[in-house]
Amino acid sequence: MSRFYLTTPIYYVNDVPHAGHAYTTIATDVLARWYRLQGEEVFFLTGTDEHGTKIAQAAAARNRAPQEYCDEIAAQFQQAWKDLRVSNDSFIRTTAPAHARAVQSFLKALWEKGVIYKARYQGKYCVQCERFYAEDELIGGLCPDHRIPPEVQSEDNYFFRLSDFRETLLAAITDENHPQHFKIYPLARRNEVIGKLKQDVNDLSISRATLSWGIPLPWDRSQTTYVWVDALLNYLTAIGYPDDPRHVEEWWPAQLHLMAKDILWFHAVIWPALLMATEMKLPKKIFVHGFFTVNGQKMSKSMGNVIRPADLIKEFGVDGTRYLLLSAFPFGADGDFNQDLMKTAYNAALANDLGNLISRSFTMVENFCGAKVPPPDDKNRVTSRVLEELKKVRDHLERLQFHYALAAIIAAVERLNGFIEEQAPWKLAKTAPAECQSVLRELLACIKMMSFYLWPFMPDTAHAVWKQLGQTDDLEAGAKRYFVHQGPVDLAAGQVTQKDAPLFPRK
Ligand code: MSP
């Protein structure tokens, strides 16, 4: 058994959860669930980023004490993930006292390594990004991301010698044999990082003198830890750094950090450099997905086009939401969502293909087999063709190509629907009842096999199918036996099936 530690970014609590946060979180959840079925021991972490100017301002704008405000929004994130069946093993909050203590320990270690110095800093800071920008990074004097003028800030800060790590970082990214080699995907993003690293890299201001909503530096309590250093450390503090070295040893390094392109630099450069400076191992892989727009527009409160997970669930159900978010465009590329496209995709793949397959299959078993699983006869008319599609899921997931993996599952569904049309069990029921039983038996066995592949993506649907198959044992355990031990898809003859309401009503 191997260990697989994977993470989402921890989300800012200046806003309640939206579909962008859900996108990364659901993708990570699919992987966590998939690897659990493959017999790996998985630790899936998500959480909330609760310090810094942006959060302090958000609380102040609502006349709330920051901690109380954070508590409320963090609870909303937790609820949203629960509603979306996100199976995270832990949820870290950066205002948790244990995190604060651990951040201080890490900073102390950095301080003792001599990679910190104090200097006066003057720069342009975008509060929304929580970062300084160099003059040539601004577009028309505005933050390239938020299109707002950054604030000029000038104060004494502590700096981390990030520039000292530039060459080692370059080597670690580009040389597969480097002892600290780590991977950045997709390759275009990796090349972007390499390109920037080949230019000059500035040292990083890691503290703020004028901000109190954060973690004080252990050696100078008048300064507060820069929110990004505080936040990145969550990946370590959540697994027990530094109090539980055994647990850290078990899980670190993370196998995979997932995020969108907006925070690539922090994860691909600053985070590894901080780890190198303290002689810790680096994460194995960083995967950077794209940004999606809504009707061609950036999702923003001021545009009034922010999609909330709860609205999607109301419209398409939990599994509909999970399916639609991950199937729309390749993970890694930018994409666009609009209501009409989502509805069309829902009706085509879920209502007409998958939902229809399940509902017609169990109706036929009820009508032609007395709602009982027919006996096995080892006929393989469609099973290999279905399996050929389903087996592609593994490869696609290894490369985080969720939309291809889902397309493979839907292709398997279409093969089964085609099989039903071809065999016409309703005719066989009259002319060749034994053949009808045999066809429906094969259909049910394929549906059971499919439920194993569906579970990581659409857990409720997989369970609903399982129940209709009359299965009483544990779906995950069955799936694990199937994947890990190549166990057979056994279906007890005579098992009573339980046809249920349609899974995906048409919109
Ligand atoms: N708090 C930092 C991350 C710290 S991690 C140590 C942060 N938070 S955030 O709330 O702004 O979340 C950014 C992340 O949310 C993106 O990297 C991405 O995972 C997700 N997304 C937010 N909007 C998105 C889209 N429109 N499209 C795709 N993903 C989006 O940055």
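For ligands, and for the atoms within them, numbers begin at 1 and follow the listed sequence. On a predicted model such as this, the values are computed, not experimentally measured, just so you know.
Side-chain polar atoms of Asp203 and Tyr117 form a donor-acceptor pair below 3.5 angstrom.
With ring centers used as reference points, Tyr23 lies under 6.0 Å from Phe292.
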Donor-acceptor pairs under 3.5 Å, side chain of residues 137-152 to any protein atom, not counting sequence neighbours: which ones?
residue: Glu137; atom: OE1; partner: Arg131; partner atom: NH2; Å: 3.4
residue: Glu137; atom: OE1; partner: Ala134; partner atom: N; Å: 2.7
residue: Glu137; atom: OE2; partner: Arg131; partner atom: NH2; Å: 3.3
residue: Arg147; atom: NE; partner: Pro144; partner atom: O; Å: 3.3
residue: Arg147; atom: NH2; partner: Pro144; partner atom: O; Å: 3.4
residue: Glu151; atom: OE1; partner: Gln153; partner atom: NE2; Å: 3.0

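Evaluation of the ring pair (Phe, Tyr, Trp, His ring centres under 6.0 Å) test over residues 168-204, restricted to residues two or more places apart or in two chains, returns none.
More than 12 non-hydrogen atoms from other residues, nucleotides or ligands lie less than 6.0 angstrom from CZ of Arg120.
Legend: residues meeting salt bridge (charged side-chain N to carboxylate O under 4.0 Å, His left out) with Lys108, ordered by chain and number and at least two apart, are Glu112.
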Run through all N or O atoms in ligand 1 and write down each protein N or O closer than 3.5 Å, as a pair with its distance.
residue: ligand 1; atom: 1 (N); partner: Ile10; partner atom: O; Å: 2.8
residue: ligand 1; atom: 1 (N); partner: Asp49; partner atom: OD2; Å: 2.7
residue: ligand 1; atom: 10 (O); partner: Tyr12; partner atom: N; Å: 3.0
residue: ligand 1; atom: 10 (O); partner: His21; partner atom: NE2; Å: 3.3
residue: ligand 1; atom: 17 (O); partner: Ala260; partner atom: N; Å: 3.0
residue: ligand 1; atom: 17 (O); partner: Asp262; partner atom: OD1; Å: 2.8
residue: ligand 1; atom: 19 (O); partner: Thr24; partner atom: OG1; Å: 2.6
residue: ligand 1; atom: 26 (N); partner: Phe292; partner atom: O; Å: 3.1
residue: ligand 1; atom: 27 (N); partner: Phe292; partner atom: N; Å: 3.0

